[in-house]
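Computed from a prediction, not measured in an experiment: that's the story for all the values here.
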Amino acid sequence: MRTITRSLASLLLLGGLVAGCSAGTGSASDAAPEQVVSSEDTGAATAAASTVGAASVEEALGANLPAHETETEWDTAAEVAIDLADGATEVSGEGAVVDGDTVTITQPGTYRLSGTVSDGEVIVSSALDGVVRLVLDGVDITSSTTAPIAIEDADEAVIVLAEDSTNALADTARTVAEDADEPDGALFSRTDLTITGTGSLTVTGHVNDGIAANDGLVIDSGTLTVDAVDDGIRGKDYLLVTGGDVTVTAGGDGLKSDEEEDVTAGYVAVLGGTVTVDAGADGLDAATDVIVGGGTLDITTGGGEVLAEDASAKGLKANVAVVVGGGTTVVDAADDAVHSDGAITVTAGELSLASGDDGVHAEESLVVTGGTLAVVDSYEGLEAESITIAGGDVSLVATDDGVNAAGGGTTTTDVPMDPAQETSGQYALTVTGGTLAIDAGGDGVDSNGTVDMSGGTVVVSGPIENGNGALDVQGTFTIDGGVLFAAGSSGMAMAPGTDSPQASILATFDRQPVGTVVTVATADGEVVASFTATKELSSVVLSSSEIIAGETYEVYVGGTVASTPTAGLYDNGDLTGASVVASVTGGEYAAGGMFGGGGMPGGPGGMPGGDFREPPQAPAGGFGAPTEDTDSNAADASSV
């Protein structure tokens, strides 16, 4: 399969709105509200591009092929009635002919279908300009030979689900040759297709896909239930959902767009409605972009099964970019919950992600500027070569690394002897705003390059074992603003470089149990920050504007927390009953013991875990020093 490599930067050069679907003339009670894809549709859910260069939903849509326009109103007096019945189908009007249990529509117009055919089909074959509109008003069609409804030729096609109507389409299992040019969906169209109306439609695809359009597909409204052995709903050029209630059960992908030759096509966009997907493969799968600007998505992939090595069961998957700028998205995926071979941008909306692999994985860049992003279960929380947190509320639970700025390839356990082999300028974590709360079994923050922090709040509840650290940075770690608090084991404890504009403290102490209140206070007893441990810990790093280089700070355990926490961190607390476990100096990290990855002043954040070479001579300020279990340093596999 050819990989499309359109850069996310192109989205920034192509602003504007996707072409909307405009209303026609006339009226009909069955017509859905007029469909217009505009800034009003995405509304507040569409955030403007931030200064870090993130693409908004509107920019992403504007960079892609515009959706086709659709007339959603018509003159009901001009409708042609088609009453379906086994061996007795009748057509009232012109434009359609009957041959046994096959109805062929030959010209544009509006056709109202009702009735049942146990083994038949409706074919649209109109070579004339104009819309062919099929109003399904109590239709039940099953076909053993082809698609129950096959739109073979039309200028444009519209399926309208009549008010209060219940409709069903199903094909039966049969063998289809791989190279056969036959319909590959129970509802099939070779031209642009729109589904609208206020009724319901159940589509069962026993042969291949449920609904398949070889051009663009727009779902505007209605209640759709699709069950397919392969893909649930596919629009080749694009699949756009602006409303309705869509439920998909698929053996393959749930919602899919697979045009690979046109870099402006092949996208899936959800801007409204409710979409529920239970897929054996990917939930939303796009050859180019996945765009979420509104609505509600609930996606389950993989079915709880162990995946084959070449299988994919991701939640949102794009070859070029994933852009989330609104809506509510819940994913439970056997594979990555959100994945892009290029870039991922979150500007607004609410995401709750559970993954058997990464919560959010981008091969190139990941940018969060707003919204709420919660990874509730994952192997690694966030992974990309370049990660920027500029806003929003991000929380992560990971059995391995919480944030990993590293290459997008498969994780390996090989750790090079020379740290420079793993340090790269392309790997970077940048935090300028927002909140980032991390609960990690491995490294809390792991960068194979640099970390730069100038704003926001980062709170890490890091590993228990000494083979990993709450912070693990191969290059420089610079902090010039914001609040950083990291709690974890002490064997790999490190802190930002001492030449950072904002000072930090690093304290190591005897291991403390879960539930311990840890407080950092000035020598005069003024509380700077408090934290309630969610796991055992033996080190604390704190950097904020209240930490002054050269001043003495004491770390207490015991006491109580007060005020309202930010990302789990309190700015106040009560020291009654608390005891001091460490006394440290702002901007200085005590030397001593085996070098275990401590903060190197002005230099790398630490060597890959388990590097037992002789430590370099400690400069003024010293290196971060473990105080216990220094012989347990294990190779840090997650740094690769």
So, does [X] use its side chain to make a donor-acceptor pair with the main chain of [Y] at under 3.5 Å?
X	Y	result
Ser378	Val397	yes
Asp209	Gly185	no
Ser143	Asp119	no
Ser92	Val80	no
Ser165	Leu136	yes
Glu259	Glu261	yes
Asp101	Gly87	yes
Tyr267	Leu65	yes
Asp289	Ala321	yes
Asn167	Ser200	yes

For [X] versus [Y], what's the shortest heavy-atom pair and its separation?
X	Y	answer
Glu94	Tyr111	O-CE2, 3.9 Å
Ala250	Gly232	CB-N, 3.6 Å
Val246	Ile233	CG1-CD1, 3.7 Å
Gly359	Ala337	O-CB, 3.2 Å
Val124	Val132	CG1-CG1, 3.8 Å
Asp237	Gly216	CB-N, 4.0 Å

So [Y] and [X], do their side chains get closer than 4.5 Å, heavy atoms only?
X	Y	result
Val122	Leu113	yes
Asn64	Ile291	yes
Thr142	Pro148	no
Val97	Val91	no
Leu134	Val139	no
Val270	Thr329	no
Val360	Val346	no
Arg133	Val160	yes

How long is the straight-line distance from [atom2] of [Y] back to [atom1] of [X], given to the nearest 0.5 Å?
X	Y	atom1	atom2	answer
Ser257	Asp231	OG	CG	11.0 Å
Leu255	Leu239	CG	CG	4.5 Å
Glu121	Ile141	CD	CD1	9.5 Å
Leu217	Ile195	CG	CD1	5.5 Å
Asp171	Leu187	CG	CG	10.5 Å
Ile151	Ile123	CD1	CD1	11.5 Å

Open item on the list: As a quick check of understanding, evaluate side-chain hydrogen bond (donor to acceptor under 3.5 Å, both in side chains) for Ser355 and Asp357, giving each step before the final call.
Closed with: CA-CA 5 Å; Ser355 169; Asp357 197 356; 5.8 Å; no
Open item on the list: As a test of understanding, state which of Thr196, Thr194, Asp220 forms a side-chain hydrogen bond (donor to acceptor under 3.5 Å, both in side chains) with Thr70.
Closed with: Thr194
Task: Pairs satisfying salt bridge (charged side-chain N to carboxylate O under 4.0 Å, His left out), at least one member in residues 188-199, at least two apart - done: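 For residues 188-199, and leaving out neighbouring residues, the salt bridge (charged side-chain N to carboxylate O under 4.0 Å, His left out) pairs sorted by first residue read Glu152-Arg190, Asp181-Arg190.
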Task: Pair Leu128-Thr106, side-chain contact (heavy atoms from CB on, under 4.5 Å): steps then yes or no - done: CA-CA 9 Å; Leu128 303 176; Thr106 60; over 6 Å; no
Residues two or more places apart in sequence or in another chain: which of them pass salt bridge (charged side-chain N to carboxylate O under 4.0 Å, His left out) with [X]?
X	value
Lys317	Asp282
Asp184	Arg234
Glu350	none

- [ ] May I have the step-by-step check of side-chain hydrogen bond (donor to acceptor under 3.5 Å, both in side chains) for Asp153 and Ser125, ending in yes or no?
- [x] CA-CA 5 Å; Asp153 189 12; Ser125 182; 5.1 Å; no
Task: Pairing residues for Ala311 by the side chain to side chain contact (heavy atoms under 4.5 Å, CB included) criterion, not counting sequence neighbours - done: Leu307, Ala308
Open item on the list: Holding to side chain to side chain contact (heavy atoms under 4.5 Å, CB included), I want the full list of residues that pass it with Asp245, two or more places apart in sequence or in another chain.
Closed with: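 Thr223, Thr247, Thr274.
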Open item on the list: With side-chain contact (heavy atoms from CB on, under 4.5 Å) as the criterion, how do Leu224 and Val203 come out once you've worked through the C-alpha distance, each side chain's angles and the decisive distance to 0.1 Å?
Closed with: CA-CA 8 Å; Leu224 295 179; Val203 179; 5.7 Å; no
TODO: Evaluate the criterion side-chain contact (heavy atoms from CB on, under 4.5 Å) for residue pair Trp74 and Val131; output intermediate values, then yes/no.
DONE: CA-CA 11 Å; Trp74 67 92; Val131 176; over 6 Å; no
Open item on the list: Checking Ser114 against Asp137: is there a side-chain donor and acceptor pair closer than 3.5 Å?
Closed with: no
Task: Full working for side-chain contact (heavy atoms from CB on, under 4.5 Å) between Phe188 and Asn214 - done: CA-CA 8 Å; Phe188 174 78; Asn214 281 0; 3.7 Å; yes
